[in-house]
Amino acid sequence: MAKAPGKVEMPRMGGPKVGGVARFSNIERAKDQKGTLKRLVKVYMRFKKAIILAVTLTLLSSGISVLIPYFVGKAFNTFAPGMMEQNFGLLGLIAAVIASLYLTNWIIGTICETTMLHVSQKLVSLLRTELFEKLQRLPLSFFDSTPRGDTMSRMANDADTISSTIAQSATQLASAMLTLIGSLIIMLSLSPLLTLSVLICVPLVFLLTKAIASKSRSYFYKQQLRLGELNGIIEESIYGLKMIKAFSKEEDALKGFERVSDELRKSGTGAQTWAGYMMPLMNIINNFTFAVTATVGGILCTKYGLLIGTAVSFMTYSKQFATPLNSVAGLFNNIQSALAGAERVFEILDETEELPDAEDAISLTDVKGEIEFKDVCFSYSKNKKVLSNISFKVRPGQNIALVGETGSGKTTIVNLLTRFYDVDSGEILLDGINIKNIKRKSLEECFSVVLQDTCLFSGTIMENIKYSKPDATDAEVMNAAKLARADSFIKRLPQGYDTFVSGSRETLSEGQRQLIAISRALLCDSPILILDEATGSVDTKTEKEIQRALINLMENRTCIIIAHRLSTIRDSDKIIVINNGEICEEGTHPELLERKGRYYKMNFLKTADG
């Protein structure tokens, strides 16, 4: 099957088996909290119009919130001795104003909150789309070294955490700042001395927030990290459940799950505990501030002629002034969690992508299928070289086989040819052109691939075969299935070609899955065919069926076959023997047997084992 442009779901064909290594597991690394916050703001400022509307409404709401205590104080001043009858109409007017202010504030708050909820949902959708698009552009090496569960957690949990924080926190923080400023201005205009009694809470809140922040930040990051690790364990356990049961490792799997789950519990408990200290302590500060304001206000009213309405206004302002500070403190939990999640999301978005096409890269037309490796060297890591000075040539329409022990570098050669990885040195030519000078999309269209580990996606059999050629007609699909000897068993299924299959291996046998993969490759009709252990996991009878199907597939194509079973490759035009990343022999099956070298020993051992 030709590798569809931008698709990453196809299973990797080789390379280092590094599954389970936590790519981002260094908890102690320095984290740029300010930088992450600035970047997060830039992300949701893409919805500038909605944000401006929300900020404008927040400004109005904050202004109304600041005015309400002022009018409450005016209402109390109408109760002055001997002035009740004259001020009764004024009291009714003030009461109506206060009621209208509360009503208006509720309407504005509802509109503002609804607007921000829409923004947050659009944002999380945008983030997930950008993350998924980024995954399509990342090199295969990223997926070799990153647990799938952790990547899934970043797309689901971390992105969702960012969304909920924006919905809950953005407008509240803006409102808190505006309310603080407005309240401070009115309080100073009424009584500077009483204002000082209210401001006593500010340094106390600042010190409290700073102390809790320093303790809880690392817990929140560990919480998100452990959540990703737990998702990885769950995903691997479900995928490998048969293997777990086959080796009676249920207890070990449970222990591994419990270990990470317990670490998640501890980090989550630590994060929530420290964040939980915030509100009780804030309430103590609030009540202390209220008591100080009431005491100072009472003294000023009794001894210095301060109007009682002004004192009442200040007691209301002391609560109102503390409420925004409480909001900031109460939202601290979400903010820390969102920053940790955003940091993990941005880590993937900042990953180095596949090298772009060269400016002078060309698109191939009328591909003949001539392949040449010139002194190719490659290593997955700096510590160990996988291929050393590999040189060989494949003529158009020629059928060559790569044989060798496991880990010798056979699949790596295919990975380099399809440009899943780039060579460290040397050149790979396709029809005499360096593949680095060919556009990736054009190069991908040159290959049909049949792997040992067949990949089927959730959908019908018709859709799975069409995966390599979405615009194919149903007749073309059925014809490809007939050539692949898959049509007969497909028609025996309950819904035929409309039978639903999934990535699970429960619905079809391995041989049936392989025949569908061959049908997909036939439909693609690419000039170069790659068979990577295409019959390695099926029985002898099924292998013969598949080999008969492959005869049609290999006709008039350049073919590269990787196989451990020598019966699969003995009729190849050329056999290349790989050992420790080097070519040690090449020739036809009879020629290599006559030399009595490494291939002869491999063939002898296989025959003896049989």
Side-chain angles (χ1 to χ4, degrees), residues 1-4 7 9-11 13 367 369 397 399 401 444-563 565 567-569 571-572:
M1 185 186 75
K3 181 176 177 288
K7 296 289 181 185
E9 289 122 311
M10 292 303 294
M13 295 196 293
V367 178
N399 178 353
E444 290 164 353
E445 291 171 351
C446 295
F447 302 104
S448 294
V449 183
V450 181
L451 308 177
Q452 177 183 6
D453 188 12
T454 307
C455 180
L456 297 183
F457 301 103
S458 295
T460 64
I461 290 178
M462 178 71 72
E463 290 169 342
N464 269 278
I465 297 176
K466 279 187 177 183
Y467 189 78
S468 64
K469 189 180 178 182
D471 58 348
T473 64
D474 290 355
E476 289 175 323
V477 171
M478 293 178 184
N479 184 55
K482 287 176 183 176
L483 291 173
R485 297 176 176 268
D487 181 70
S488 57
F489 90 80
I490 293 174
K491 286 183 175 178
R492 290 197 300 269
L493 294 173
Q495 283 82 41
Y497 283 87
D498 293 324
T499 301
F500 187 87
V501 295
S502 67
S504 159
R505 283 164 170 70
E506 302 302 325
T507 51
L508 298 172
S509 71
E510 195 63 45
Q512 289 172 331
R513 294 166 65 87
Q514 286 286 18
L515 291 175
I516 290 175
I518 294 170
S519 304
R520 189 161 53 187
L522 272 167
L523 182 65
C524 179
D525 196 27
S526 297
I528 301 172
L529 172 65
I530 297 173
L531 304 175
D532 189 354
E533 295 287 2
T535 60
S537 58
V538 296
D539 58 79
T540 306
K541 181 181 178 182
T542 306
E543 180 188 12
K544 289 180 180 179
E545 282 291 319
I546 293 175
Q547 284 178 344
R548 282 195 285 268
L550 289 175
I551 292 173
N552 293 318
L553 184 57
M554 294 163 62
E555 189 175 351
N556 299 321
R557 287 181 174 86
T558 301
C559 298
I560 299 177
I561 304 172
I562 298 175
R565 294 181 182 179
S567 59
T568 308
I569 50 92
D571 294 326
S572 299

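What you are looking at is a predicted structure, and each value in this text was computed from that prediction instead of being measured.
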For side chain to side chain contact (heavy atoms under 4.5 Å, CB included), just list the numbers for I461 and Q512, CA-CA rounded to whole Å, side-chain angles, deciding distance to a tenth of an Å, and then say yes or no.
-> CA-CA 11 Å; I461 290 178; Q512 289 172 331; over 6 Å; no

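- The CG atom of D474 sits 12.5 Å away from the CG atom of N479 when rounded to the nearest 0.5 Å.
- Here the straight-line distance linking atom CE of M478 with atom NZ of K491 works out to 7.0 Å at 0.5 Å rounding.
- When the side-chain hydrogen bond (donor to acceptor under 3.5 Å, both in side chains) test is applied to N399, no partner is found at least two apart in sequence or on another chain.
- When all heavy atoms of A517 and V450 are compared, the closest pair comes out as O-CG2, 4.2 Å.
- S448 OG to L531 CG: the interatomic distance, rounded to the nearest 0.5 Å, is 9.5 Å.
- Taking CD of E476 as the reference point, atom CG of D471 lies at 7.5 Å (rounded to 0.5 Å).
- The shortest side-chain heavy-atom distance between F489 and I516 falls under the 4.5 Å cut-off.
- Side-chain polar atoms of Y497 and N464 form no donor-acceptor pair below 3.5 angstrom.
- Not one N or O on the side chain of S519 forms a donor-acceptor pair closer than 3.5 Å with the backbone of A484.
- Side-chain atoms of V477 and K469, non-hydrogen and from C-beta on, never get closer than 4.5 Å to each other.
- Judged by distance alone, the side chain of T460 and the main-chain N or O of T499 form no donor-acceptor pair under 3.5 Å.
- The closest donor-acceptor contact from the side chain of S526 to the backbone of E445 lies under 3.5 Å.
- Across all their heavy atoms, R557 and L529 have their closest contact at CD-CB, 4.2 Å.
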Derivation and outcome, side chain to side chain contact (heavy atoms under 4.5 Å, CB included), residues L456 and L508 | CA-CA 10 Å; L456 297 183; L508 298 172; 4.0 Å; yes

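- Contact between A480 and L522 at its shortest, heavy atoms only, is O-CD1, 3.6 Å.
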Given I490 and L515, is the side chain to side chain contact (heavy atoms under 4.5 Å, CB included) satisfied, shown in steps?
-> CA-CA 10 Å; I490 293 174; L515 291 175; over 6 Å; no

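- The two residues G459 and E463 have their closest heavy-atom pair at CA-OE1, 3.3 Å.
- For D498, there are no salt bridge (Lys or Arg N to Asp or Glu O under 4.0 Å) partners two or more places apart in sequence or in a different chain.
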